[in-house]
Amino acid sequence: MNKAFVKSELFLIKNDKLLAPVIKKNGHLTFSNKKTDTFNELIEIVISQFISTKAAKAIKQNILSRFKEDNFKIKSFEKLSLSQIKNLGLSNNKAKSIIDIIAWSNSKPSKNYIFELSRDEREKELLSIFGIGQWSVDMFEMFCVRNANIFSSGDAALRQAMLELGMVKKEANLSSYDNYSKKWNPYKTHACLHLWHMIES
């Protein structure tokens, strides 16, 4: 067994015989515990909604190149109109989301405000933003808050991977995916990383 595997991966290998071969094939995947910038993460999440990882990456890189920035910043968007944001290669709804994210961000007392809330409070705050649904909240919790124990049954790629591995039946509802993920507790996010890697590689 790969000695580079960390505690979470060893736990998942031991507790899920269907996921174990995937982790062993993938090798160790790093999950940082460092919180990220709230605004940048929300914009990345909105761009990624309903499109492939490859397409999202291309759009992100194109927009950042036009702004001559390494990360998304409020100052790059706040003087742009809805149509100008849309012309960056985004849908009308995604452009509206970005405008609402800017307004929401500017109304908060600090950049770290969101991290000071409980998970339930944070979810309520984020769902108040136009275009932010449960999938987006889950992605934020994983990749901005760095919560190691999040599973998103709303993610199509995760469902595809779980179907391919026989974790759930083809006709299964979302609760069946959620129920299966309980065996990954408290490392659901780590399991998701390996399932995504399986689908993308």
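Position 1 is the first residue of the sequence; numbering continues from there. Keep in mind that the numbers below use all heavy atoms, side chains included, and drop hydrogens, waters and symmetry copies.
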Note to self: Taking the cut-offs as 6.0 angstrom to the six-membered ring centre and 45 degrees off its axis, would you call Lys96 and Phe130 a cation-pi pair?
What the structure shows: yes
#### Entry: Salt bridge present between Glu123 and Arg119 (N-O < 4.0 angstrom)
no
Classify the ring geometry of Phe31 against His190: parallel below 30°, tilted from 30° to 60°, perpendicular beyond 60°. perpendicular
Check whether Lys35 reaches the backbone of Cys144 with its side chain - one donor and one acceptor, N or O, closer than 3.5 Å. no
Tightest non-hydrogen contact, residues Ser97 and Gly131, listed as OG-CA, 3.3 Å
Under 3.5 Å, is there a donor-acceptor pair linking the side chains of Ser110 and Asn112? no
For Lys34, the salt bridge (Lys or Arg N to Asp or Glu O under 4.0 Å) test, sequence neighbours excluded, returns none
Check your understanding: Does the Ser76 side chain pair with the main chain of Glu69, one donor and one acceptor, at a distance under 3.5 Å?
Key -> no
Checking Ser128 against Glu125: is there a side-chain donor and acceptor pair closer than 3.5 Å? no
When rounded to the nearest 0.5 Å, the distance separating CH2 of Trp104 from CD1 of Ile129 is 5.0 Å
query = What class does the angle between the rings of Phe72 and Phe77 fall in, given that below 30° is parallel, 30 to 60° is tilted and above 60° is perpendicular?
reply = tilted
Review point. Are Ile59 and Phe50 joined in one hydrophobic group, where the rule is that I, L, V, M, F, W and Y side chains link up if heavy atoms are under 4.5 Å apart?
Key: no
Heavy-atom closest pair (Val46 atom, Ile132 atom, distance to 0.1 Å) is CG2-CD1, 3.9 Å
Main-chain N/O of Ala58 paired to Asn62 side chain as donor or acceptor, under 3.5 Å: no
Correct closest heavy-atom pair for Ser52 and Ala55 would be OG-N, 3.1 Å
Heavy atoms of Asn33 and Arg146 approach each other most closely as C-CG, 3.8 Å
For Leu19 and Ala191 the tightest heavy-atom approach is CD2-CB, 3.8 Å
d(Leu18 CG, Leu165 CG) to nearest 0.5 Å is 6.5 Å
When you check the side-chain N and O atoms of Gln134 and Asp138, is any donor under 3.5 Å from an acceptor? yes
Those residues at least two apart in sequence (or on a different chain) that pass salt bridge (Lys or Arg N to Asp or Glu O under 4.0 Å) with Asp37 are Lys111
| query | Side-chain donor-acceptor pair under 3.5 Å between Lys108 and Thr38, yes or no? | reply | no
Of Asn179, Asp178, Asn185, the one forming a side chain to side chain contact (heavy atoms under 4.5 Å, CB included) with Lys182 is Asn179
Between Leu163 and Val168, the two heavy atoms sitting closest are CD2-O, 3.7 Å
**Asked** Between Tyr180 and Lys183, is there a cation-pi geometry (under 6.0 Å to ring centre, at most 45° from the normal)?
**Response** yes
Phe140 and Arg122: CA distance, side-chain angles, deciding distance, side-chain contact (heavy atoms from CB on, under 4.5 Å) verdict
CA-CA 10 Å; Phe140 185 88; Arg122 187 160 50 240; 4.0 Å; yes
For this session: Evaluate side-chain hydrogen bond (donor to acceptor under 3.5 Å, both in side chains) for Ser118 paired with Asp120, printing each intermediate quantity in order.
Result: CA-CA 5 Å; Ser118 69; Asp120 287 344; 5.5 Å; no
Pair Trp135-Asp155, side-chain donor/acceptor within less than 3.5 Å: yes
| said: With a 3.5 Å distance limit and no angle check, can you tell me whether Thr189 reaches the backbone of Ile150 through a side-chain donor-acceptor pair? | reply: yes
